Peer 1: 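Below you will find the structure I want to go over with you.
Please read all numbers here as calculations on a predicted model, not as lab measurements. Atoms within each ligand, like the ligands themselves, are counted from 1 in listed order. All heavy atoms count here, side chains included; hydrogens, waters and symmetry mates do not.
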Amino acid sequence: MPDASRVLLERLQVAFDTVRPGADPVLRVSDRADFQANGALPLAKELGRPPREIADQVVAAADLGDVCAEVEVSGPGFVNLTLSEAFIAEAVAALSADPRLGVPVASSPERLVIDYSAPNVAKEMHVGHLRSTLIGDALARVLGFLGHEVRRENHIGDWGTPFGMLIEHLLDVGGAEDAESFSVRDLNEFYATARRQFDSDPTFADRSRRRVVQLQGGDEETLNLWRIFVAESLRHAQEVYDMLGVLLTPDDVVGESFYNPLLPQVVSDLEEKGLLVEDDGALCVFPAGFENRKGEPLPLIVRKSDGGYGYPATDLAAVRDRTVRLGATRLVYVVGAEQTLHLQLVFAVALLAGYLVDEASAVHAGFGLVLGTDGKKLASRSGGSERLVDLLAEGVERAAAALKERESALSSDRQAEIAHALGIGAIKYADLSTERMRDYVFDWDRMLATEGNTGPYLQYAHARIRSIFRRGGVEAPAPGTPPLLTEPQERALALQLLGFAAAVEATVETLGPSKLCTYLFDLATTFTGFYEACRVLVDDEARRASRLGLCDVTARTLELGLSLLGIEAPEQM
Ligand code: ARG
């Protein structure tokens, strides 16, 4: 059982149960000892007893002899726990023999839908889609690693009135004649031209409006034209996904249009439950607890007064499809924080409609903004939204330029691959290491730095450890060999290695990849401390094997951790 905190928690729980069954031990990592259990304090309040007395009772009842070298009550009633070297060494040995590095498989796997990326077609993906794409992808990887059945859904905006003018413009530029070879270099330009035409040419505007009606009426020829256009847009999005190395493929696309035929069913479900209220010709649901600033009840508009359906109705249909048809037990929406109210309304109505079992079955994993170095929402130099492909390409170029300044024996192909891993890794890590709800500044110099809490720092740390083996022509000891923990830096590194499972768990609990990033950064830093203090390739065979073992588990933890974040860890840099 490699995860030290799990073992401690189990043992402490038994001891706390003797005071009051089910009492939380409140276990924390501590710098006084290895861990601290603070549960005696709230318990003291609850039971009206002195906290130190409770702490003493817990210590007396706790069976920790094989785990701890020292257990001591301190301060008002904290229990300080210092693990024994033997326990740590055995736990690291178990870790080294475990390809999952101590991360258990979920005891009750769920079927999950993760809704992420979701650009609107007809526009280039811009930096506004970066966070959803990266956070969603990391969560999909971590949850999948735990054994959950993860279904990725890319809820693209592929339906609505702009498609009238886009289809007409497609016809004008001849895109319909040769659909196979139809391609748009820049979707934004295509959109802007169509828009200008719409605004200046009344005949074009007329055609466009008629086209919208045909599209909504399901006219087959119109649908074909629309498909050509959507396919071309998706090709652009897929280029971004491939460059980022995220898991999304065309198979994951379930766009707004998909739910179009399902909307009447939503209306009848809501009708049946008596939830629909007519308001100014629109069909609305007023879930309890939602009010506008004036204190008036806030509706979710299911059908507009003109008979059309909008974004909210589509999202209701999506919830229904995901839970009722696909049988998902949990839905995770990786969508910007500005859509919080929208999603809360959707979830509340879905709950009333019986699409969701309980409040926990749909969660909004929101996120903050990406800011420019000027502190404002990031936009391009030219004023429009930066095309994400260009931004990513710039990251790779910058990484390549930085690499050129270093001596390298690697082939130029290999260097190009490393530049890609570094540039993309830097962008991903800068995003993922920021606590989800916080904004962050997109700063090339900071994210590409090889020192500090950055992707490149972790990638270099990993490659450096691998090179110890390659250059020394040495191998790690057989898995399952306990390390010798004589030096404090050896002990500190071993203990840090044991925290991987807890970091993954915290990531899942908070749906926050930043937890894993923080852990990996701490691990790399702890490793540096170890490496500076302890020579690895010493003559003493047992010591050398022990230290190589610690190096090996560290490299594997960094590699697995980075891969769960969707970041490459090249062997050699
Ligand atoms: N396409 C939407 C937008 O760009 C995001 C969709 C997010 N997902 C959802 N199920 N609403 O704002």
Side-chain angles (χ1 to χ4, degrees), residues 112-137 139-140 150-163 166 187-188 191 226 229-230 233-234 236-238 240-241 246 248 250 252-260 262-263 266 285 300-302 309-326 328 330-351 353 355-356 361-370 377-379 384-388 436-437 511:
L112 294 155
V113 170
I114 307 190
D115 180 317
Y116 72 105
S117 196
N120 294 325
V121 309
K123 293 272 184 70
E124 295 289 344
M125 282 182 76
H126 55 82
V127 67
H129 301 115
L130 187 66
R131 301 212 68 189
S132 174
T133 307
L134 298 183
I135 296 168
D137 201 62
L139 294 178
V150 174
R151 200 184 139 89
R152 303 179 294 272
E153 286 203 0
N154 194 354
H155 191 91
I156 60 167
D158 61 355
W159 201 246
T161 46
F163 287 95
L166 292 165
L187 291 167
N188 295 345
Y191 188 96
W226 166 81
F229 190 76
V230 171
S233 295
L234 281 179
H236 283 244
Q238 195 58 45
V240 171
Y241 298 150
V246 294
L248 290 169
D252 300 318
V253 171
V254 194
E256 291 177 14
S257 64
F258 175 85
Y259 300 104
N260 208 37
L262 309 174
L263 298 170
V266 170
V285 180
L300 177 117
I301 301 173
V302 181
Y309 298 98
Y311 190 53
T314 305
D315 257 324
L316 274 181
V319 174
R320 184 183 194 281
D321 188 63
R322 292 164 179 179
T323 56
V324 178
R325 183 176 71 90
L326 297 168
R330 198 144 65 109
L331 313 181
V332 179
Y333 288 72
V334 190
V335 179
E338 66 282 357
Q339 293 197 30
T340 301
L341 179 60
H342 160 73
L343 287 173
Q344 280 176 350
L345 274 165
V346 168
F347 296 165
V349 174
L351 200 60
Y355 298 163
L356 295 172
S361 22
V363 265
H364 176 200
F367 49 81
L369 299 172
V370 183
K377 200 166 160 169
L378 185 65
S385 271
E386 184 115 39
R387 283 174 23 139
L388 197 45
R436 241 195 318 108
M437 291 306 285
L511 298 174

Peer 1: In the protein, which heavy atom is nearest to atom 8 (N) of ligand 1, and how far is it?
Peer 2: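 The closest one turns out to be Asp115 OD1, 3.2 Å.
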Peer 1: Among all protein heavy atoms, pick out the one at the shortest distance from atom 12 (O) of ligand 1; state its residue, atom name and that distance to 0.1 Å.
Peer 2: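 Its nearest protein heavy-atom neighbour is Gln339 NE2, 2.8 Å.
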Peer 1: Would you say the side chains of Tyr333 and Asp315 form a donor-acceptor pair under 3.5 Å?
Peer 2: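 Per modelled atom types, Tyr333 and Asp315 side chains form no pair under 3.5 Å.
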Peer 1: Rounded to the nearest 0.5 Å, how far apart are CD1 of Ile114 and CZ of Arg151?
Peer 2: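 So the CD1 of Ile114 and the CZ of Arg151 are separated by 12.0 Å.
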Peer 1: Note the single closest protein heavy atom to atom 4 (O) of ligand 1, along with its residue, its atom name and the distance in Å.
Peer 2: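 Here the nearest protein heavy atom works out to Asn120 ND2, 3.4 Å.
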Peer 1: Using side-chain heavy atoms (C-beta onward) and a distance below 4.5 Å, is Asp115 in contact with Leu331?
Peer 2: no
Peer 1: Which of these, Asn154, Asp137, Asp252, sits in a side-chain hydrogen bond (donor to acceptor under 3.5 Å, both in side chains) with Tyr241?
Peer 2: Asn154
Peer 1: Regarding atom 7 (C) of ligand 1: of the candidates Tyr259, Tyr311, Tyr116, which has the closest heavy atom?
Peer 2: Tyr311
Peer 1: Polar contacts were defined as any N/O atom of the residue lying under 3.5 Å from an N/O atom of the ligand; does this apply to Asp315 and ligand 1?
Peer 2: yes
Peer 1: Distance under 4.0 Å to a non-hydrogen atom of Ala118: what atoms of ligand 1 satisfy this?
Peer 2: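 Every atom of ligand 1 under 4.0 Å from some heavy atom of Ala118: 1 (N), 2 (C), 4 (O), 5 (C), 6 (C), 7 (C).
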Peer 1: Select one of side chain, backbone, both or neither to describe which atoms of Ile156 lie under 4.0 Å from any atom of ligand 1, heavy atoms only.
Peer 2: neither
Peer 1: Hey, which atoms in ligand 1 end up nearer than 4.0 Å to a heavy atom of Tyr333?
Peer 2: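 In order of numbering, the contacting atoms are 10 (N).
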Peer 1: After noting the C-alpha distance and the side-chain angles of Asn188 and Tyr191, does the key distance pass the side chain to side chain contact (heavy atoms under 4.5 Å, CB included) rule?
Peer 2: CA-CA 5 Å; Asn188 295 345; Tyr191 188 96; 5.6 Å; no
Peer 1: Could you state the interatomic distance from CE (Met125) to CD (Gln238), rounded to the nearest 0.5 Å?
Peer 2: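 Reported value, rounded in 0.5 Å steps: 10.0 Å.
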Peer 1: Could you tell me, atom by atom, which parts of ligand 1 come under 4.0 Å of a heavy atom of Val335?
Peer 2: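 Matching atoms, with element in brackets: 7 (C), 8 (N).
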